[in-house]
2 protein chains.
Amino acid sequence: MTNPRTHITLEHVAQAAGVTPMTISRFFRTPQKVSQGTRERISQAIEKLGYVADSTASRLAGKSRPMLAIVAPSLDLPYVPEIIEGVSEAADTVNAALMVFETRFSLEMQEKRIEAAIGWRPDGIIFVGDTVSDRSRRQITASGIPFVEAWAASDTPVGVDIGLSHRAIAAQMTGALIGAGYQTVAFGVRRLGYRVEVERLDGYLDAVSSAGRTPLVVDIADPGEHYKAGAMILRQALDLTSRPDALFLAGDVLAAGAIFECHRLGLAAPLDLAICGFGDSPISASIVPSLTTVRLPTRELGYAAVGHCIAGVPERVGLLAPEPIERESARLAFE
Amino acid sequence: MTNPRTHITLEHVAQAAGVTPMTISRFFRTPQKVSQGTRERISQAIEKLGYVADSTASRLAGKSRPMLAIVAPSLDLPYVPEIIEGVSEAADTVNAALMVFETRFSLEMQEKRIEAAIGWRPDGIIFVGDTVSDRSRRQITASGIPFVEAWAASDTPVGVDIGLSHRAIAAQMTGALIGAGYQTVAFGVRRLGYRVEVERLDGYLDAVSSAGRTPLVVDIADPGEHYKAGAMILRQALDLTSRPDALFLAGDVLAAGAIFECHRLGLAAPLDLAICGFGDSPISASIVPSLTTVRLPTRELGYAAVGHCIAGVPERVGLLAPEPIERESARLAFE
DNA sequence: CTGTTAGCGCTTTCAA
DNA sequence: TTGAAAGCGCTAACAG
């Protein structure tokens with residue numbers, strides 16, 4: 001609880017303005033039903049006392065101050081803040097507050113965080129995570145809170161699913177690299193234990209096998225920093241028995257790290273090795289050589305998710321389809 | 001409000017378990033005071049119904065589920081998610097939930113967001129922003145909620161101030177560049193209208209004038225993407241009448257953008273132009289050439305801030321002093 | 001070990 | 001235009 005001594009409530013404002021608490025409540029809710037004079041006295045009392053209405057009490061009593069919860073693995077990934085930015089932008093249009101719950105890539109934590117989120121009775125839960133446990137599903141259903149999966153498409157969605165098929169996207173990109181003439185396309189992931197990474201890997205495997213090629217995977221479990229992980233993947237890719245002429249990385253920051261490592265080793269992308277990323281992070285357009293990648297509609301996803309939780313969010317026509325972007329680091333060709 | 005039809009409360013669980021709501025409350029709060037048998041029945045009822053306790057109601061009634069609010073300009077800055085990560089790490093130790101309010105670099109918004117944050121009655125507000133308005137100050141004081149300024153030190157703090165003097169740090173770094181022998185150190189900022197940028201600029205001006213040099217400032221107001229802004233600053237710096245031999249940028253991502261632009265223009269850092277950043281973002285250690293910069297204790301700041309709001313957060317000995325880091329892109333020398 | 005009563009700060013409904 | 005009564009879902013304090 002907040003400091004009990006200096007805790008201003010409706011009651012205090014009411015006294016200062018010489019009316020009942022009810023009138024103060026009206027002042028906020030339906031000011032036109034409060035007389036001009038009273039309104040002014042109330043307004044002065046509020047400013048003087050520095051009163052701020054208690055949203056939690058309002059909620060309990062029935063008037064819903066909008067609030068959303070977002071459950072995501074960690075802010076230490078380029079796409080999570082991006083999605084949140086989209087959520088926040090949409091939330092602003094209806095003055096919704098935002099809670100953020102991090103799962104830290106653990107399914108156990110994820111279950112706990114979903115439970116915590118439900119406990120705060122948000123108007124919606126926007127979910128950027130892994131498979132939802134049965135226990136969570138029961139709780140979500142029982143709570144009646146809209147639950148939007150906004151990153152990885154689910155086979156068995158709990159609520160609304162506006163997620164992407166990372167598998168299909170990875171397959172498409174792999175195909176585009178093969179189509180561009182690269183003979184040996186290797187794939188690099190940093191497996192954090194989350195489903196999307198596996199999906200991207202599977203997508204790569206799909207495309208490679210359907211092209212009749214041999215898969216070449218560098219799969220590290222390094223929990224460290226992304227750029228360094230990318231460098232590590234690059235070095236391991238160069239050590240593979242059959243040396244690849246293209247390296248497809250499951251993330252743009254990883255790819256940027258790989259490009260930096262190329263500089264360090266005196267290799268030139270794409271001449272010595274083509275490099276392709278995933279996600280179109282801000283760095284990708286600026287790095288030298290600029291990074292071929294696939295743009296994912298992260299912000300749009302976040303924005304759209306809010307519309308499924310709260311009414312009154314202005315619709316926006318945003319492209320929700322992933323968009324391959326050919327830049328300097330690798331060629332791309334589609335059938 | 002959440003869906004009224006499927007809205008499970010203590011009452012429902014109590015009925016299902018054949019006890020009073022009070023006993024269910026006890027089950028959560030002080031399970032040892034509930035008999036073994038009852039405990040089991042309750043536990044089953046909870047799981048079966050998917051019941052999750054309402055934290056807002058708990059709070060109102062007196063039992064404080066810990067919750068923190070963080071007010072920051074935007075997640076689209078490298079340091080904000082970093083600070084939040086620190087906050088979140090500390091919050092986890094006491095199971096505190098986190099609300100995030102973005103001000104979008106507007107003082108007007110900032111006032112609104114602070115008010116919104118107070119409305120939710122968090123156990124503390126962690127503030128990463130600009131100057132706090134008088135109105136906000138009144139509200140903060142009246143609310144009795146701990147308010148921690150955790151980024152820019154304030155001359156007139158509202159509550160606890162653990163912020164950094166960006167001015168002093170910028171002055172120190174500028175001095176170190178001059179000390180290393182650079183003749184003409186230019187400064188580049190992307191002014192978003194927030195106080196820290198002005199402070200960093202002032203710090204640069206302090207050091208330059210105390211060294212008897214002429215200041216050379218590139219100050220752009222570009223609202224676009226950070227890497228591109230860095231590139232723009234670099235080009236403008238090269239166009240200055242007296243061409244600098246060192247460029248100090250008010251942020252690492254800007255500096256990285258400047259380095260990329262050097263590559264593009266065929267310039268080599270630090271030979272043609274030394275480049276120095278601010279903040280030690282993850283990219284700085286990996287970019288080629290690696291970036292000389294100053295490390296700011298962002299995560300630690302976030303972590304420490306929580307300790308000022310909630311009791312029971314394990315103390316951590318983290319270095320809270322900024323640390324200049326000399327890498328390849330510029331030499332540094334201190335008196 | 002379990003229940004009863006009162007009330008957190010606000011809003012709903014009804015009355016004046 | 002304003003007020004009084006009741007209650008949101010939960011917990012404190014007391015009783016049994």
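This structure is a prediction, so every number in the text was calculated from the model and none was measured. Throughout, a chain's letter reflects where its sequence line sits, starting with A, and its residues are numbered from 1.
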Between [options], which one does the side chain of [X] approach most closely?
| X | options | value |
| --- | --- | --- |
| A:Leu10 | C:dT11, C:dG3, D:dT1 | C:dT11 |
| A:Arg26 | D:dG3, C:dT2, D:dC10 | D:dG3 |
| A:Tyr51 | C:dT13, D:dG9, C:dC10 | C:dC10 |
| A:Thr23 | D:dG7, D:dG3, C:dT2 | D:dG3 |

[X] side chain N/O closer than 4.0 Å to the phosphate oxygens (OP1, OP2) of [N]?
| X | N | value |
| --- | --- | --- |
| B:Thr20 | C:dG3 | yes |
| B:Thr9 | D:dG9 | no |
| B:His7 | D:dG9 | yes |

In whole angstroms, how far is the [atom2] atom of [N] from the [atom1] atom of [X]?
| X | N | atom1 | atom2 | answer |
| --- | --- | --- | --- | --- |
| B:Leu60 | D:dA12 | CG | P | 13 Å |
| A:Trp120 | D:dC10 | CH2 | C1' | 13 Å |
| B:Ile24 | D:dG9 | CD1 | P | 15 Å |
| A:Arg65 | D:dC8 | CZ | C1' | 15 Å |
| A:Ile8 | C:dG9 | CD1 | P | 11 Å |
| A:Arg29 | D:dT1 | CZ | P | 18 Å |
| A:Arg41 | D:dT1 | CZ | C1' | 12 Å |
| B:Gln36 | C:dT2 | CD | P | 11 Å |

Handout entry: Residue whose closest nucleotide on DNA chain D lies nearer the 5' end, B:Thr56 versus B:Met22
Key =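 Taking each residue's closest nucleotide, the earlier one in sequence belongs to B:Thr56.
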Problem - 5' precedence on DNA chain D between A:Thr38 and B:Ser25 (nearest-nucleotide basis) - result: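 Its nucleotide being nearer the 5' end, the pick is A:Thr38.
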Exercise for the section: Could you tell me which residues satisfy side chain to side chain contact (heavy atoms under 4.5 Å, CB included) with B:Ala116, sequence neighbours excluded, listed by chain and number? Expected result: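 Expected list: B:Phe101.
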Handout entry: 5' priority, DNA chain C, between B:Ala57 and B:Val19 [closest heavy atom]
Key =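 Whichever sits nearer the 5' end wins; that is B:Val19.
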Handout entry: Ring-face cation contact, A:Phe27 with A:Arg39, 6.0 Å cut, 45° max
Key =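 Here A:Arg39 fails the 6.0 Å and 45° test against A:Phe27.
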Exercise for the section: Verify whether the ring centers belonging to B:Tyr79 and B:Trp151 lie closer than 6.0 Å. Expected result: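 Centroid distance B:Tyr79-B:Trp151: below 6.0 Å, so yes.
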Problem - Base D:dG9 to side chain A:Arg59, donor-acceptor N/O within 3.5 Å cut-off - result: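 Check fails, no donor-acceptor contact within cut-off.
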Practice task
Could you tell me whether a side-chain N or O of A:Asp54 sits under 3.5 Å from a main-chain N or O of A:Ala57, the two making a donor and an acceptor?
Solution key: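 The answer is yes, because a donor-acceptor pair under 3.5 Å joins these two groups.
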Problem - Sole candidate of B:Val71, B:Ile140, B:Thr156 that passes side-chain contact (heavy atoms from CB on, under 4.5 Å) when paired with B:Val132 - result: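 When B:Val71, B:Ile140, B:Thr156 are each tested with B:Val132, the side-chain contact (heavy atoms from CB on, under 4.5 Å) holds only for B:Ile140.
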